[in-house]
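Values reported hereafter were calculated over all heavy atoms of this structure, with side chains retained and with hydrogens, waters and symmetry mates removed. Whatever order the structure lists them in is the order used to number ligands and atoms, beginning at 1.
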Amino acid sequence: MTKMKLFTERTVILWLCVAVALTTAELVKLNTVDSLIVPCHQSVTLQCSISTSQEGLSVTHMAWVRQDGKCLCDVNETGVTGTHPGNTPSVMECSYTPQTQLTLTLLQVQPLEQGKYLCKLRSNKGVKMSTTTVKLQECYRTVQPSISDEGPTCTFTGVYPDGKVHWFQGPNNVTGESKINTKQVEDGGSLTVTSSLKRKTVSGEGSYNCSLWIPSTGAYLTSSLVVPEHGEARVNVLNASGAGAIGPMWKPWVFLVPLSTLFLV
Ligand SMILES: *[C@@H]1O[C@H](CO)[C@@H](O)[C@H](O)[C@H]1NC(C)=O
Ligand SMILES: *[C@@H]1O[C@H](CO)[C@@H](O)[C@H](O)[C@H]1NC(C)=O
Ligand SMILES: *[C@@H]1O[C@H](CO)[C@@H](O)[C@H](O)[C@H]1NC(C)=O
């Protein structure tokens with residue numbers, strides 16, 4: 001019976017595959033963290049390390065590959081690393097410790113770069129793959145408050161995720177008087193959010209507070225004071241806690257989720 005024969009052959013092949021997978025699993029392992037959560041515009045480092053219980057491991061090819069299949073950084077048997085930035089928004093760095101670890105650093109991670117990153121290995125002890133998922137926390141890059149003839153204006157750049165500007169004067173919520181509200185998508189997928197109040201500012205008048213509301217988190221991310229003074233804006237930025245908002249604020253806000261154990265390919 002051909003059907004029966006086919007079935008048996010398939011079973012044998014299946015068993016062979018399982019056996020091979022089990023054997024290579026013992027020879028070499030790849031370790032990556034399951035996920036990394038970072039504020040945007042900061043650097044994120046993806047590490048992929050090889051562990052093996054055996055002597056004589058020889059790496060033929062090792063790479064960090066984005067989920068869309070684009071190879072970002074790789075190394076061949078000569079040990080020379082190559083980066084392939086292409087049209088990726090971030091500047092990248094790639095480093096390799098021979099037979100041990102391949103590290104990819106995205107220097108200013110952008111919303112469009114969220115997703116899965118695959119570490120792939122080909123070696124004389126087998127083929128392996130492991131993934132890290134990169135997710136971004138809410139953030140902004142800068143806030144520029146100003147006063148024009150039109151009235152007080154605030155521009156927030158590098159905003160992620162979507163945000164809205166709420167206006168206050170003292171205890172009063174004057175958001176209803178905001179006139180121009182614009183949003184522009186920046187290259188990496190974050191937003192520039194601008195809002196102006198329909199108010200002539202008068203010297204000595206109370207200052208205005210523009211606050212960036214992030215609907216998805218249900219919280220204000222930052223706020224800025226716009227102070228009318230002799231017809232000019234004296235500008236105070238409050239609570240510049242956004243990522244890289246003012247000056248270099250590289251915070252090690254990287255939460256590591258326990259090391260992934262190995263997946264069979
Ligand atoms: C201010 O007004 C806006 C628009 O009416 C509203 O969405 C927001 O919740 C108000 N904020 C506070 C703190 O009252
Ligand atoms: C500006 O308004 C926000 C939202 O109500 C508030 O959290 C923040 O403390 C205000 N800042 C100042 C200086 O009034
Ligand atoms: C403002 O700064 C204070 C102290 O630095 C912090 O506790 C608070 O969470 C900040 N608020 C916002 C909206 O970032």
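Ligand 1 lies within reach of Phe168, whose nearest heavy atom is under 4.0 Å from it.
Distances below 4.0 Å separate heavy atoms of Asn173 from the following atoms of ligand 1: 1 (C), 2 (O), 3 (C), 8 (C), 10 (C), 11 (N), 12 (C), 14 (O).
Results of the side-chain hydrogen bond (donor to acceptor under 3.5 Å, both in side chains) test with Glu177 over Arg199, Lys198, Gln169 single out Arg199 as the only residue that passes.
We find that Asp68 and Arg66 are joined by a salt bridge, their nearest charged nitrogen and carboxylate oxygen being less than 4.0 Å apart.
With a heavy-atom cut-off of 4.0 Å, Trp167 does not touch ligand 1 at all.
Using the six-membered ring where Trp is involved, Trp213 and His166 have ring planes that are parallel, under 30° apart on the 30 and 60° scheme.
Listed for the Thr133 side chain is no donor-acceptor partner under 3.5 Å among the backbone atoms of Gly115.
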